[in-house]
Undergrad: 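This is the structure I have questions about; it appears just below.
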There are 4 protein chains.
Amino acid sequence: MLKAAILGASGYAGEELIKILLRHPEIKISYLMAKMDESCPISDLFPWLEHILEIECKNEIDVESVAAENDVIFLALPHRVSMDIAPSFLNLGKRVIDFSADYRLKDVDEYQKWYDVEHKSKEFVKYSVYGLCELYREKIKDAQLIANPGCYPTGAILTCAPFLKSGLIEPDIIIDAKSGSSGAGRTPSVKLLFSEVNENFKAYKVCNHQHTPEIVQELNAVYGAPVHVSFVPHLVPINRGILSTIYMSLKKTISVFDAVDILKKFYHNEPFVRVRKADVYPEIKDVVCSNFCDMGIKVDQKRLIVVTAIDNLVKGAAGQAVQNCNIMFGFKETTGLL
Amino acid sequence: MLKAAILGASGYAGEELIKILLRHPEIKISYLMAKMDESCPISDLFPWLEHILEIECKNEIDVESVAAENDVIFLALPHRVSMDIAPSFLNLGKRVIDFSADYRLKDVDEYQKWYDVEHKSKEFVKYSVYGLCELYREKIKDAQLIANPGCYPTGAILTCAPFLKSGLIEPDIIIDAKSGSSGAGRTPSVKLLFSEVNENFKAYKVCNHQHTPEIVQELNAVYGAPVHVSFVPHLVPINRGILSTIYMSLKKTISVFDAVDILKKFYHNEPFVRVRKADVYPEIKDVVCSNFCDMGIKVDQKRLIVVTAIDNLVKGAAGQAVQNCNIMFGFKETTGLL
Amino acid sequence: MLKAAILGASGYAGEELIKILLRHPEIKISYLMAKMDESCPISDLFPWLEHILEIECKNEIDVESVAAENDVIFLALPHRVSMDIAPSFLNLGKRVIDFSADYRLKDVDEYQKWYDVEHKSKEFVKYSVYGLCELYREKIKDAQLIANPGCYPTGAILTCAPFLKSGLIEPDIIIDAKSGSSGAGRTPSVKLLFSEVNENFKAYKVCNHQHTPEIVQELNAVYGAPVHVSFVPHLVPINRGILSTIYMSLKKTISVFDAVDILKKFYHNEPFVRVRKADVYPEIKDVVCSNFCDMGIKVDQKRLIVVTAIDNLVKGAAGQAVQNCNIMFGFKETTGLL
Amino acid sequence: MLKAAILGASGYAGEELIKILLRHPEIKISYLMAKMDESCPISDLFPWLEHILEIECKNEIDVESVAAENDVIFLALPHRVSMDIAPSFLNLGKRVIDFSADYRLKDVDEYQKWYDVEHKSKEFVKYSVYGLCELYREKIKDAQLIANPGCYPTGAILTCAPFLKSGLIEPDIIIDAKSGSSGAGRTPSVKLLFSEVNENFKAYKVCNHQHTPEIVQELNAVYGAPVHVSFVPHLVPINRGILSTIYMSLKKTISVFDAVDILKKFYHNEPFVRVRKADVYPEIKDVVCSNFCDMGIKVDQKRLIVVTAIDNLVKGAAGQAVQNCNIMFGFKETTGLL
């Protein structure tokens, strides 16, 4: 059994990771840490774990002993915190899967601009592998440091990459994305109170969301030239799930069947990408609590429209992290994820 | 006091109309009808009306007496039903405000294609006035038959018209619209059950929604040439409100301040259109239970993005109907609506 | 026009008070204050007020000038803050309607025990009138200081008082209450985040909620002897409304019609209490955004069960405050509330 | 591998059963049937099953072949339908687990009174075993026909049985229960529309719900004398989960620790009952998607209050059915359920 440590166990992604790993036959949760005043049984934080996982969640960390006793370190920590902690594990030779944005952007200046902080671990940025399994599987196998993709970028990149590669679309894409509230994390704020989010719907950070450079970096890499993205996220009053409606411009008209074919071929052997037949679209409930990324396609004259759904906490965070871990340690990629 | 009859009082729009008219100082609800097995006090249908409005809701209609006793007839009836009933009132000289789509499309063939039914009242289509007050105020004053606009078209047309008129944008627009569930009406279906809609989000009728020709008809009229619209509606798990994120292509780059100015000037004296300052966007809760249409603007290179919010039952149905009625009968336009 | 000042305008009750007073023909909002870093237009806090109420919301208060320029002071402030501010207005002879619990409990020791703070304004506790209009209308007319009732106590006391007075029930009552989340206020906390409240339901402060002594004080007064109350509040994932299911023990069996009669007679002339016919029960949506308190009754052997619904922000806060204000200043009691 | 047939696969309980069995290492879903116009792949009904379970869901049944090819028959059918179908399987010697109420009530007259229909399978009522595993484990082992308990009764009986057995409480109990909407099933009706349930909360069938006789039957059996139950269900705007607040009268005062002890001892070895420590209460989210029944206790003078939570679709339906199946076929009781 692989022994796993989870740092940042008290957030939504950390909680989801615990849930997934409990069903994983090859991985054992052996260490938990979260920011809080005092250590306590994890079931004090999450009563649903009573009788299921009865271990302590620590409020401080002794890196050396955690490194000595664990095979893989999951960092479900906020942006800016990961880069303080990851290096010590990496220097001890441990393999790290980081949920934060800290190692995703290869251009450190971009990171500093969007996250408004000096990057403290630039040397490891070079070695990190962007953990989008469908695109980087080979690199992930040997990676020591995985930058687990952001929730919005996961669905967006998986959708656009095949079409950009095909050469059929213009490099100017609109991503109209709608996310449940767990994407905003568990830190209290007036804007995230139930009475504010419930019975409301809004756009936020219009063309100004920090996931924009991550999407652009990956689409540029796929396309081999600059791609412009207008990324407009919205907040849906649901707990989990992201549905993105993505608008692309076709260079020449193709049929919806052609478009479906492009995606189906691209993701032919992928265990977690499902392409609907023409003119059928996924809904968020089709993917909730699963690691699937579902896509449905419409062609409207020279406009190509794809509706893509994922669970932000699974394929967009903890599930994708486990998928990465499975690849890194040679388990079957779907282990614990179906 | 103007005496008003409401046919179709049991639906969401009919209920909202009752609520609004109860606060209207110049209009008195004098007749209610709804499709049901037996007539009953309206407070049996809507217990919130107990002690407030204690009149009977009829299950059948005697057109002559209703016409004789009322000054204005509100038809809050489903599509296809209005055109069966409206002509009798019109032939008796009554003024009719119709919530359905039956008299909105000037091209009867388009109606028949999108609503999949033979139009039974073609002669009155010509005389109907499309009741978007901000565009057709003068015609509304003397109209006998108002085709009250659809909920999605109201926000969409109000947003796009000024920019199309300005000549600054291409005639090819994306409307990514998100609506609460009351827009789907009160008829039972599995898809609208609480357990299906709650914790879900989906696109539906992608580029295939019956409000598309209505939007196109009005934008064509404004632009004076064909406009292409990709209209993608989504269902949000909230009771009321529509937020549309509308993407337009600028022929040349302008600043966000220029764009705000265009809207502010166009709607300078309008009591129910509010334009936010640059880079500030309305949320659905800003307009819930109000007759306002709120807009916020972003310019992203040569893309113009407007976020527009209305309450689908008020500005998108009953409120706009009362606004029309105020104009028709010479009341101050905001009466009963603030 | 009566001029009103609202202190604590940024909370849910303050916001609701603004909404109600905007429709009140005899009262004008002339001053707003809220705790915040800087003064700003109230429409910055509440964009729905743009074009409707364009006055400044202050972040500090000059008691003398506010007292000089206003006829009535509404304190929509948290518990413990009201008693710091109310005395200065009272000493200047102003009439004050306080939404907090600070002046509700006549026994200051009880206050200190439940609210865990030294009472700083004991002398005014004696002069305060508990603003439950249906029970204390005469005293309210001349009151200088109204202690506006708590949201849970309002429905609970209105339900139990008539039966306790009748002598038909035992003085031992179960109140199983369910409230929407606005009752918890707008202060951020993890427990009130959307992702925590949504898709959840829980009991909290079981037999330990600070509204217990308020309910007991009033029921004791009605009964003339000690009444025991088991008060169990629950949190419902909705924005507003309280539904209480109240269990009483009948000393002897009566019919449900007798029970309905007792309530109907007690509230015969009350404009805001509605008693359903036998075996019909109010739902929260029957009272949302209204000042009504609705009740429905079941008799199950020697158990009397009443289901009571109010809107916690209207009849349970701002609406009842306006009802009190109407009584104090001699307006028709329903003014602005229907 | 045990081969399982599911009849009624299209309802919420049937869907949940599929989800659970997919993770069960000893049971294989080999046959699915649901009421619909035509047979179709089950992933047409539930797109989340695409790539996961690709079998046909039939719209008709050939009892003999289904019996020949399956080891256990799950009937996730509505009340009144089960008793039409179960006998044919029983007569062929198959073991049947029935989700409906048809075989729960031993007194057929009671069944006919509450379900308003002639019972068509009286002879099998005698042989059915009430599948509440914690109380009837021994009988379940050899049962041919399991009457899987109702959702409300499951939590209610598990809570009250230990206290009734202890002799410490009066045989007169209040069950104030709150359920999510999936308990009402997937049949369309106006009352279950999203817009009706959302932002609402109501009591329904007050002391008149068909689960009452089931609770009473089991509590009578435990107590050995008649127990009176006032059962008041409420509808919460959430998809799943039931929280019941249960009020009992103590014959003499005991401490909350004594009360906790009684439950802890009674359920000492039970894998799916969790008793919280004194004055800590379960919330619905603690049990959602799990087979646990969680309980928290308060003693208020001579009143004993227990808050009990289950997932209505798991412990209250499909999970409990699998627990029964595990017992019947000699698997470890928790198999597939943790």
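Here is the naming used below: chain letters follow the sequence lines, and residue numbers restart at 1 for every chain.
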Undergrad: Do the non-hydrogen side-chain atoms of C:Y12 and A:L193 ever get within less than 4.5 Å of each other?
TA: yes

Undergrad: Is it true that A:S182 and C:S195 share a donor-acceptor pair across their side chains at a distance under 3.5 Å?
TA: no

Undergrad: If you round to the nearest 0.5 Å, how far is CG of A:N198 from CG of C:N198?
TA: 7.0 Å

Undergrad: Would you name the heavy atoms of A:F194 and C:S181 that are closest together and state the gap between them?
TA: CD2-OG, 3.0 Å

Undergrad: Could you please state which residues from residues 74-85 of chain A sit under 4.5 angstrom from chain C, measuring non-hydrogen atom to non-hydrogen atom, sorted by number, or 'none'?
TA: none

Undergrad: I need the contact set between residues 183-192 of chain A and chain C: heavy-atom distance under 4.5 Å, sorted by residue number.
TA: A:G185, A:R186, A:T187, A:P188, A:S189, A:V190, A:L192

Undergrad: Determine whether more than 12 heavy atoms belonging to other residues, nucleotides or ligands lie under 6.0 Å from atom CD of C:E54.
TA: yes

Undergrad: Are there over 12 heavy-atom neighbours, none belonging to C:K35, within less than 6.0 Å of that residue's NZ?
TA: no

